[in-house]
Amino acid sequence: MSDSAFHYVDGVLHAEGVSAASLAEQFGTPLYVYSRDALTQAYRAYADACAGRNATVHVAVKANSNLAVLNVFARMGAGFDIVSSGELARVIAAGGRAENAVFSGVGKSAAEMREGLEAGVKCFNVESIPELHALNEVAKSLGKKAPVSLRVNPDVDAKTHPYISTGLKSNKFGVAFSDARATYAQAQAMDHLDVVGIDCHIGSQITEISPYLDALDKLLELVKQIEADGMSIRHIDVGGGLGITYDDETPPAIGDFVTTLLDHIEERGHGAREVYFEPGRSLVGNAGVLLTRVEYLKPGEEKNFAIVDAAMNDLARPAMYEAYHRIVPVVKRDAAAQIYDVVGPVCESGDWLGRDRELALVPGDLLAICSAGAYGFVMSSNYNTRPRAAEIMVDGERARLVREREDVKQLFAGESILPD
Ligand SMILES: *Cc1c(COP(=O)(O)O)cnc(C)c1O
């Protein structure tokens, strides 16, 4: 959690200048709360390190696609990394520009390619030969040339959770390193494709720079071969994946990360190429918290449970990746703490938010689940017919509702029963 954006004032957690307790009163729980200042600071760290360096930032929309969040970045001139035409529509609705969007994703449909081409996206990151053919056909039908880069799988170990590691041979992502040169040659031979760059994305929540440098060295080696084959690689997209501190991780600072990569590229003689960064988590993760209220305390022989009103449908990361999120009281209480598993009301044993947490609690207390800005709301579902949470953006002393809480009727509005 960004310490400057989220801090205690007289024992009460605040988001910037606004008390989290008052937000929960006003808007109810579970409630996602984002800090504009934390978003801005994280983006600036990237943008400042890129300034004057022929490098651009493409915000990975999938980490947090709320329009207000995207708009904060769009106002600062961000580009975007999208993985669906739905995300493209969000970018445009949030004031972003298609010309600054790169279209990633392993399974783009022909319809999505068409939408991307018609909107004029900056580049398609293509992941297979069949996808090259499909894109070529779509571009032909529109009388256009599609700008492409190939997502190459550099086969490096990003040393992160297996579900969020994407750069190994065994992953479904990218073109295998050993096939990349030949795949580029195929792309070059297609009339409606324009080879413009090279791309990789080796995983997420990466807390060391060395896997990036290993991946870059392999990419740069490939660039030489591709150019020898007569193509010109104008940009190198290094993907996203920089980690954040959830607990005691010590990822590199954003500015150091950017500078180290750019220096590395320059030192190897590739400084003339534009470098794209595609950060998601490191921009939004610590800019958000999820507020939840304790419904019941349930002491047990082996474990005490704190049953809260947020659940795995609101924040899937613990259930999905056994991810750790710090959980802190909204109002600090001078009482003896006990060890609790913090769990939701959903009918699954996997529905937990934190295990073995030392907390002083009474029913009705508010808790903040920290570092919930990335892969939080965006992964939420309606499992157990639970309406999804509201989202708030705090800006200084002001708090604005940026997504209404769903209501139950909306959840089955598109359903119908058989007529007889
Ligand atoms: C998910 C994703 C990102 C962002 O990853 P983070 O770990 O959130 O920084 C960037 N690029 C691509 C292609 C992705 O799939």
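Nothing fancy with the numbering, it's 1 onward along the sequence. One-based numbering, in listed order, for ligands and for the atoms of each.
- Within a 6.0 Å radius of CZ in R405, more than 12 heavy atoms belonging to other residues, nucleotides or ligands are found.
- A cation-pi geometry, defined here as NZ or CZ lying under 6.0 Å from the six-membered ring centre and within 45° of its normal, holds between K122 and Y276.
- Within 4.0 Å of ligand 1, counting heavy atoms only, the contacting residues are A60, K62, D81, S104, R151, H201, S204, G240, G241, E278, P279, G280, R281, Y375.
- Residue E358 comes nearest to A337 through the heavy atom pair CG-CB, 3.7 Å, listed as atom of the first residue, atom of the second, then distance.
- For the residue pair D395 and E16, the shortest heavy atom distance occurs at C-OE1, 3.5 Å.
- Heavy atoms of other residues, nucleotides or ligands lying less than 6.0 angstrom from NZ of K303 number more than 12.
- Each salt bridge (charged side-chain N to carboxylate O under 4.0 Å, His left out) pair with one or both residues in residues 368-387, not counting sequence neighbours, appears once here: D314-R386.
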